[in-house]
Structure formats: C-alpha cells, structure tokens
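Okay, structure first, notes after.
Keep in mind it's a predicted model, so treat the numbers as computed, not measured.
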Amino acid sequence: MKPVYRFVLLSIIVFAQSALAQKPRMLITTDIGGDPDDTQSLIRYLVYANEFDTEGIIASASGTIGELDSAVVQPYLVHNLIRAYGEIVDNLRLHDPGYPSAESLLAVIRSGNPHRGWENIGEGHDTEASEWIIRVADKKDPRPLNICIWGGQTDVAQALWKVKNTRSPKAYRKFVAKIRLYDINDQDRIFGKMQEHFPGLFYILSQAPSGHDKREGGYRGIYLGGDESLTSREWIYEHVKTNHGPLGALYPDKTWTAPNPHSTMKEGDTPSWLYFLPNGLSDPAHPEYGSWGGRFEKHTDGHFVCAPDRVDSVFSARAAVWRWRPDFQADFASRMDRCVAPFSSVNHAPVAVVNGIEGKAPLIISARNAAGIVLDAGASNDPDNDLLSFEWLWYGECTTGIEAVDLATEGAQARISFSAAAKDYELHLVLKAKDNGSPALSSYRRIIIRP
C-alpha cells in the first residue's frame, strides 16, 4: 500500500498549492438598512477581506418584505463601514499585506432595485447592480464567482434573466457554470421561480424546511444553539466594540435574536461567506463536506439544502454551524485585535500540515482497505511560535461505508494510525491544530480516504 499512498500524496501537492495561490472571488448582495445584522456581518467580513477578492458589494432592497415603510436601497451604509475600514487598513496590513484598499472596495459598491419580487424582473428592470453582476461574471477568470445573497435575489435574478434572454443557450450555460450562489432564507420569495426559469445553477439555499419553525434554518446556528455566551453583549464589547478602532465601534449591539437571550450578536448572513473561507475545513465545490458556513445535501430538485450534524445529543442543521462557534469567535476576536495592535501583540492562526504537506485543500489518500494508515501533523507550525495541540475529528456525517474505525491513539496526538472495517467507503477526518495563544486559535486540514 505504501507506494500508492506516496504517489497520491505527491500528486496532491500541486493541487493543494495551486488552490492556495488564488483567493476566492466574492460578490455580496445585502439588504443593509433593515435588521442591523447585515451591518454586523459586513463588519466581520471586512476584517477577513484579505482572504477574498471582493468584486462586488450590492445594496439591494433594504430590509425584508414588509419590514420597512418604503422601498429603498441604502448604499451609503456600506460606504460608511468601508470608510471606517479605511482608517484601520494600514494596521491590518501589519498582519497581512493582502488587505485591499478602502478605495478598491468603494469602487465595487453598486445599488440594486428598491423593488423586489418576480414582477420586478424582466424587460426594463436592469439595474446598475444586475449589470455589474453580469460584467463581473463575464471576466476571463477560471475561478468561480461566489455570490452571497444576504438580502433578496431580485438583482441576481435580473442578471440571469438578461443573460438567458439575450444570449444563446450555450452562452447561458457557460455563464451559469461560472457562478455559485449561497442564499440566506429566500428573502424575496422567488427561489421557486428562479429554479424554474434558470436551470443549471449551483444553488445553496440555507433555510428551514417547509412547514418547520423558521428558526431551524442552518444559518441560524451562527447565533442559536451551542455556547450562546460567545454571542453576548459582554463578549461583543470586550472583543469588538471597545478599544478595537472605528470599525468595531460601529458594530450594532442590539438586534433580535430570540430564543438567544442576549439580543446582541445575530449575523444571520455571516455563514454565507464563511462557507467560502479557505481555512482547511471546507471545499466550496462540495457543500456536503461541512464548514463554518454549515453542511448541505443535494435536494431531488438539484439545489442544496441544510443538512444536520450530530453534536453530542443534538442532531440539527444549526449544529453544523454552532459546533464551530468557539473557533470562529476566537478567530474573529483575533481579527479585531489586528485593527489596533502590532503583529507581535496579536495571536495568529497556526498552519496545519499533514504528512509534510501544506495547503488548505482536502488531502486525498487512496487506500484500498483503509487499514494501517498513518497521519502525522508534526510539521504543523505557528507564526507566533506558540505551542500546538492536536485533535483528529472523525466527521461521521460525511463518511460512508465505514462499519468501525479503530484509532491507535485517543486522537489528541500529532501522529495517529488507524484501521477501518470498510466497503465502498469514503472516510473524512479533520485535523484541528490549536495554539496556546490568547485567544487560542485553530486551523484545520481535511483528510479524505478513498479506496
């Protein structure tokens, strides 16, 4: 088995490094100006802006249907946040020179249609937002364009309508093959129409199943379930609002979070872009793998819907998000520290390395019997020279065909070996490397073992 094992590892080095070399392309539509959680989500996104190529921030119709008295878009709210970002970007660049300028982000803000719904899609309904979506998607870039729909889908649907009705079927298929959509809650209530009129979309719909309590939507795991103290007013003031610069000071400290008792952090849209964050856990091409943005399964109609994870005695779609909350909140706290402190005073995430191979793409191992496999994270390292601890997580919801797994350790050492009783299997393990800094930060590497 060793020659096969070594060949697979060598062949994946190129794949992992090429995946690391390019940032995900990102376009966001936000209904900012209604529920303050959009402002919260955008503030968090901006301190992660070094991880993405942000190619559009679209102010779509503010609020949800019926939330506001008038139909408006409010792009100035986006401008205000990015200007605050501009005041701290030089300090952010002490930690990573890849943070974009405020000017480059201001240049990609566009206004959408203040009116929403299917009756506002079609001839005569083009907006600067829908035209911008087409322009960005048409770029000669091999990377997918990831579109996170925080507000309504109307401007995205208008772009799709125009392409479908002004281009050949082949050109339309080429266009839709370039985009991935992650939609929070079908806020314009037109998903069914989009599915009917725009075939071939890569479409994740994070929403509670029909007939269920709306709070069962997987994305709500960002603030519901698990350790909700990490979403409290006290936590936000300590790690975000106080002494963290002008951007953190703008973080709204009041929104509607029931049954979470804190009424502070909601960020219902944050899971959409966390799904695309390259942190070694996710693979955006595979929603079924799970990530900080949740886990999804393919519906019979072709789109992806929320899938449950089991965490202790809880089995729910929300758990697929909140299971990672201690890690993503610690990471957020560290990002906010970057706004005001030098490199030496801020903790940075470790680098997870498995069997000597760096990278954030899944590590694929071919093993006919899933027996006698050795995984070694000893080459993992930390940019702050912190001590590291290791945990090997068996991601059971992603694993198929495994009857039993016997780890040769308790899964808390740098090196493990195991054997598995398997037939036609796919085994998912996740290495979690955690430092002892303050706050303690975690990085991941997913290992997929296939026959």
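- In this structure, R295 contributes its side chain and P308 its backbone to a donor-acceptor pair below 3.5 Å.
- The closest donor-acceptor contact from the side chain of D37 to the backbone of K266 lies at 3.5 Å or more, if one exists at all.
- Side-chain atoms of T29 and V156, non-hydrogen and from C-beta on, do get closer than 4.5 Å to each other.
- Here the side chain of T257 pairs a donor or acceptor atom with the backbone of S263 at under 3.5 angstrom.
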Next item on the list: Test side-chain hydrogen bond (donor to acceptor under 3.5 Å, both in side chains) on D188 and T154 and set out the steps.
Entry: CA-CA 7 Å; D188 282 352; T154 297; 2.6 Å; yes

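- Taking both residues in full, the closest heavy atoms of T399 and H428 are given as OG1-N, 3.2 Å, listed atom of the first, atom of the second, then distance.
- The minimum heavy-atom distance linking L181 with L201 is given by the pair CD1-CD1, 4.1 Å.
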Margin query: Under the criterion side-chain hydrogen bond (donor to acceptor under 3.5 Å, both in side chains), I'd like the reasoning laid out for T264 against Y237: C-alpha separation, chi angles, the key distance, then a yes or no.
Written below: CA-CA 10 Å; T264 304; Y237 267 80; over 6 Å; no

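- When side chains are defined from C-beta on, N91 does not count as touching P342, because their heavy atoms never get closer than 4.5 Å.
- Nearest approach of A84 to P246, heavy atoms of both residues: O-CG, 3.9 Å.
- Between A49 and Y85, the shortest heavy-atom contact is CB-OH, 4.3 Å.
- Checked by atom type and distance alone, the side chain of E397 pairs as donor or acceptor with a backbone atom of R310 at under 3.5 Å.
- S41 contributes a side-chain N or O that, together with a main-chain N or O of T270, makes up a donor-acceptor pair within less than 3.5 Å.
- Taking the ring centroids of H303 and F202, they lie at or beyond the 6.0 Å cut-off.
- Checking side-chain atoms of Q329 against main-chain N and O of L230 turns up a donor-acceptor pair under 3.5 Å.
- Remark: the N436 side chain and the S389 side chain contain no N/O donor-acceptor pair separated by less than 3.5 Å.
- Of all heavy-atom pairs spanning L27 and W132, the tightest one is CD1-CD1, 4.2 Å.
- For an aromatic pair to be called close, the ring centres must be under 6.0 Å apart, and H244 with H239 fails this.
- Here N260 contributes atom CG and R220 contributes atom CZ; the two are 12.0 Å apart, rounded to the nearest 0.5 Å.
- R446 has no carboxylate O lying under 4.0 Å from a charged side-chain N of D283, or vice versa, which leaves the two without a salt bridge.
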Margin query: With side-chain hydrogen bond (donor to acceptor under 3.5 Å, both in side chains) as the criterion, how do D155 and S60 come out once you've worked through the C-alpha distance, each side chain's angles and the decisive distance to 0.1 Å?
Written below: CA-CA 7 Å; D155 295 294; S60 60; 5.1 Å; no

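- Side-chain atoms of N347 and D435 include a donor-acceptor pair closer than 3.5 Å.
- Counting only distance, with no hydrogens or angles, the side chain of D186 and the backbone of I190 share a donor-acceptor pair below 3.5 Å.
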Next item on the list: Step by step, work out the side-chain hydrogen bond (donor to acceptor under 3.5 Å, both in side chains) result for T255 and D35.
Entry: CA-CA 7 Å; T255 187; D35 187 332; 2.6 Å; yes

Determine all donor-acceptor pairs shorter than 3.5 Å in which one atom belongs to a side chain in residues 142-150; sequence neighbours excluded.
residue : atom : partner : partner atom : Å
R143    : NE   : D141    : OD1          : 3.0
R143    : NE   : D141    : OD2          : 3.4
R143    : NH1  : K23     : O            : 2.5
R143    : NH1  : D53     : OD2          : 2.7
R143    : NH2  : D53     : OD2          : 3.2
R143    : NH2  : D141    : OD2          : 2.7
N146    : ND2  : R25     : O            : 2.9
W150    : NE1  : S272    : OG           : 2.9

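- A side-chain donor-acceptor contact under 3.5 Å links E67 to the backbone of T64.
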Note to self: ring pair (Phe, Tyr, Trp, His ring centres under 6.0 Å) for W324 and Y444? Distances and angles first, verdict last.
What the structure shows: CA-CA 11 Å; W324 310 110; Y444 315 94; 5.6 Å; yes

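- Distance alone, capped at 3.5 Å, is enough to place a donor-acceptor pair between the Q40 side chain and the E267 backbone.
- Taking the six-membered ring where the residue is Trp, Y251 and F332 present tilted rings, their angle falling between 30° and 60°.
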Name each donor-acceptor pair under 3.5 Å that joins a side chain in residues 273-280 to protein atoms two or more places apart or in another chain, with its distance.
residue : atom : partner : partner atom : Å
Y275    : OH   : P284    : O            : 2.6
N279    : OD1  : L281    : N            : 3.1

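- A salt bridge does not link R325 to E228: none of the charged side-chain nitrogens sits closer than 4.0 Å to a carboxylate oxygen.
- Between F328 and W292, the ring planes lie perpendicular to each other; the angle is over 60°, past the 30° to 60° tilted range.
- When only modelled atom types and interatomic distance are considered, Y45 and D269 share no side-chain donor-acceptor pair under 3.5 Å.
- Under a cutoff of 6.0 Å and an axis angle of 45°, R93 and Y99 do not form a cation-pi pair.
- Between R338 and D96 there is no salt bridge, since no side-chain nitrogen of the basic residue lies less than 4.0 Å from a carboxylate oxygen of the acidic one.
- The distance from atom NE2 of H348 to atom OG of S334, rounded to the nearest 0.5 Å, is 6.0 Å.
- Counting heavy atoms from C-beta outward, L375 and I373 have side chains that approach closer than 4.5 Å.
- Using the six-membered ring where Trp is involved, Y289 and H286 have ring planes that are parallel, under 30° apart on the 30 and 60° scheme.
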Exercise answer: donor-acceptor pairs, residues 313-321 side-chain atoms, under 3.5 Å, sequence neighbours excluded:
residue : atom : partner : partner atom : Å
S316    : OG   : R318    : N            : 3.4
S316    : OG   : A319    : N            : 3.1
R318    : NH1  : R215    : O            : 2.8

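- The minimum heavy-atom distance linking L388 with P350 is given by the pair CD2-CB, 3.6 Å.
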Next item on the list: Carefully, step by step, assess V47 and C339 under the rule side chain to side chain contact (heavy atoms under 4.5 Å, CB included).
Entry: CA-CA 8 Å; V47 294; C339 297; 3.8 Å; yes

